[in-house]
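Have a look at the structure below, then the notes.
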Amino acid sequence: MTDLSNLLRPDNGQSARSIHLVDAAGFEGWLTAQPESVRLLVAAQKFRGKPHEHAVLPEDGGQNRAAQDWSIVAGVASVSQLGPWCLARLAEQLPEGSYRLAEGDPGEAALGWVTAHYRFDRYRKDEAAPGPRVLLSREVARIEPTVRLAEATALVRDMVNTPAADMGPPDLEAATQAVAQAFGATVTVTRGDALEQGYPMVHAVGKAAHRTFAPRLIELEWGDPRHPRVAIIGKGVCFDSGGLDIKPSAGMRLMKKDMGGAAHALGLARLIMGANLPVRLHMLIPAVENAISGNAFRPGDILASRKGLTVEIGNTDAEGRLILGDALTRAGEERPELIVDFATLTGAARVAVGPDLPALFANDDALAQAVEAAGTAVDDPVWRLPLWDSYSDMLKSDVADINNAGEGGFAGAITAALFLRRFVPDDVPWVHLDTFAWRPSARPGRPKGGDALGMRAVFDMLQKRYGKR
């Protein structure tokens, strides 16, 4: 993982170059107040105060607390309201060194500054990558929480970017053990005969994989048992071939990211424990590879489930909901106050809301509104879709309690969520995020590749819900 721990530091008056912020509304006034030499230099660099633009300025005449030979002017959308990503492009482009805002503090923009340093360099080193660009801040109390958010985001990115050969079920288990050890949490892993008997759908989906990638259910528990129990579940399909209903090659190309839900769950667990939220955390990752071999589960098979429902297999490529069904049942047995699951579950969600917006489903309106509001507040948006009861008929089976794939291809994200709801206790608030966990193109502070989409929204909701107890 990229070391992000020292990129945001307390401002104790140490030497650093200044960053002057302007926006479109204030640009002309700022420019008019500058000496002619600065105006000419700004014009030469074609700087107009637009977001993500910047220009290098000559020495500022000793206005800063430490002497410097140049400073920066950078454009943002609003000087008075900095968002998480408004300084990220600047952090990507500046040379190694220390910087501070000439006026005010970075606030939320510190997150983008730190995440802009992320590089996935496990397999290829970038020799031309610049050294650290350190941002100084007088908001000392915000430094550690911001770094924790950036590190959790980097953890999700690293896990999703890692190819399936190096991020199989045993690697998910190892990653969980590493996070648990850092916070004194306990980990329980169910595999083999115990998995087959206790979690039959998890076993069925994963049994065709090579024994090196044998399926398992990974559980992490942390916190005071007297505190409210919160269950976080992540879909851990480490590679999805589609099973016997095999995907085309184009559809299989990015299936290393099909464990993105598990990465989100582990990143969120790390945030919860790092913030020491007063909850009893129960994190569950059903970890499998949906492979093809002579013993792979088949279309038309009828699977038992931990809950006791029988499930007809309409499509072996609708495997994520199967393993989540058993995990949701296990979580519900402990009577949690709240259940959250993350899953790269359906292509239909991407058709509906695109790659940036996790589709949100919930059985509780207040909970859904809280996550939506949190997503807006921290610029990690989600978009609610309905649990439309009439579509439950699409999951009917003539030979089992339910079919795992709706007929006709309509409302695929909704029918998947309705399937999951069958395994959630009726009286437990539950939210399901169908996330993409991937950025098809780079944005400031957010490179192309694996990314956390919806994790910060849920964490902010949990902080508001439990942080003041």
Side-chain angles (χ1 to χ4, degrees), residues 159 162-181 185-222 231-244 255-256 258-259 261-263 265-266 269 281-299 301-313 316-334 341 343 400 404 420 423:
M159 293 178 69
T162 301
D166 295 324
M167 189 52 67
D171 302 289
L172 284 185
E173 180 181 335
T176 303
Q177 292 281 9
V179 170
Q181 184 175 5
T186 60
V187 176
T188 303
V189 181
T190 305
R191 54 169 70 85
D193 291 341
L195 185 77
E196 183 176 4
Q197 296 302 315
Y199 303 92
M201 291 198 295
V202 178
H203 174 265
V205 172
K207 67 181 180 179
H210 187 274
R211 61 180 180 274
T212 304
F213 294 142
R216 65 206 69 195
L217 181 77
I218 305 162
E219 297 179 78
L220 177 151
E221 291 205 66
W222 170 89
I232 309 294
I233 303 171
K235 173 188 168 184
V237 178
C238 297
F239 189 80
D240 183 16
S241 68
L244 292 176
M255 283 302 99
K256 68 177 184 179
D258 213 19
M259 40 59 65
L266 191 56
L281 174 64
H282 185 197
M283 189 203 72
L284 305 95
I285 296 175
V288 303
E289 179 181 354
N290 187 19
I292 300 172
S293 71
N295 68 334
F297 76 120
R298 297 166 289 268
D301 280 358
I302 298 177
L303 304 183
S305 68
R306 184 175 180 86
K307 186 174 181 177
L309 293 174
T310 54
V311 180
E312 181 184 7
I313 302 304
T316 63
D317 197 21
E319 84 298 331
R321 65 199 68 181
L322 299 172
I323 66 173
L324 287 172
D326 275 351
L328 286 164
T329 300
R330 170 72 186 108
E333 291 166 359
E334 300 295 334
D341 80 72
N404 78 321
L420 296 182
F423 298 89

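Just the heavy atoms: all of them, side chains too, but no hydrogens, waters or symmetry mates, feed the values below. Residue indices begin at 1 and follow the sequence shown.
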If I take atom [atom1] from residue [X] and atom [atom2] from residue [Y], how far apart are they, to the nearest 0.5 angstrom?
| X | Y | atom1 | atom2 | answer |
| --- | --- | --- | --- | --- |
| Thr186 | Trp222 | OG1 | CH2 | 12.0 Å |
| Leu266 | Ile218 | CG | CD1 | 9.0 Å |
| Ile313 | Phe297 | CD1 | CZ | 5.5 Å |
| Ile232 | Leu281 | CD1 | CG | 6.5 Å |

* For Glu289, check salt bridge (charged side-chain N to carboxylate O under 4.0 Å, His left out) against everything at least two apart and list the hits. =>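 Glu289 satisfies salt bridge (charged side-chain N to carboxylate O under 4.0 Å, His left out) with no other residue.
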
* **Test side-chain hydrogen bond (donor to acceptor under 3.5 Å, both in side chains) applied to Thr188 - qualifying residues, sequence neighbours left out** =>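 Checked Thr188 against side-chain hydrogen bond (donor to acceptor under 3.5 Å, both in side chains); zero matches.
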
* Any luck finding a side-chain donor-acceptor pair between His282 and Glu219 under 3.5 Å? ->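 Checked: His282/Glu219 side chains pair up, N/O donor to acceptor below 3.5 Å.
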
Considering all heavy atoms of both residues, which atom of [X] and which atom of [Y] are nearest to each other, and what is their separation?
| X | Y | value |
| --- | --- | --- |
| Met283 | Ala269 | SD-CB, 3.8 Å |
| Ser293 | Asn295 | OG-OD1, 2.6 Å |
| Leu324 | Ala343 | CD1-CB, 3.6 Å |
| Lys307 | Thr329 | CB-OG1, 3.6 Å |
| Val187 | Ala180 | CG2-CB, 3.4 Å |
| Ala291 | Ala296 | O-CB, 4.0 Å |

Do [X] and [Y] come within less than 4.5 Å of each other through their side chains, counting heavy atoms only?
| X | Y | value |
| --- | --- | --- |
| Phe423 | Leu309 | yes |
| Met159 | Met259 | yes |
| Val311 | Leu322 | yes |
| Leu420 | Leu328 | yes |
| Asp258 | Phe239 | no |

* To do: Sequence neighbours left out, what pairs pass salt bridge (charged side-chain N to carboxylate O under 4.0 Å, His left out) with at least one residue falling in residues 317-329?
  =>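 Every pair satisfying salt bridge (charged side-chain N to carboxylate O under 4.0 Å, His left out) with a residue in residues 317-329: Lys235-Glu319, Lys247-Asp317.
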
Between [X] (side chain) and [Y] (backbone), is there a donor-acceptor pair under 3.5 Å?
| X | Y | result |
| --- | --- | --- |
| Asn404 | Ala318 | yes |
| Asp171 | Gly168 | yes |
| Thr162 | Met167 | no |

Donor-acceptor pairs under 3.5 angstrom involving side-chain atoms of residues 202-216: please list them, not counting sequence neighbours.
from	atom 1	to	atom 2	distance (Å)
His210	ND1	Thr212	N	3.0
His210	ND1	Thr212	OG1	2.9
Arg216	NE	Ala214	O	3.1
Arg216	NH1	Glu173	OE1	2.7
Arg216	NH2	Ala214	O	2.9

* Go through the structure and list residues passing side-chain contact (heavy atoms from CB on, under 4.5 Å) with Ile292, not counting sequence neighbours. =>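 If we apply the side-chain contact (heavy atoms from CB on, under 4.5 Å) test to Ile292, skipping adjacent residues, the hits are Ser241, Leu244, Ile246.
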
* Asked: Which residues pass the side-chain contact (heavy atoms from CB on, under 4.5 Å) test with Ala331, sequence neighbours left out?
  ->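 Ala331 satisfies side-chain contact (heavy atoms from CB on, under 4.5 Å) with Ala231, Ile233, Leu284, Ile339 only.
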
* Test side-chain contact (heavy atoms from CB on, under 4.5 Å) applied to Cys238 and Leu172, Asp166, Val288, the passing residue ->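 So the option named by the test is Leu172.
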
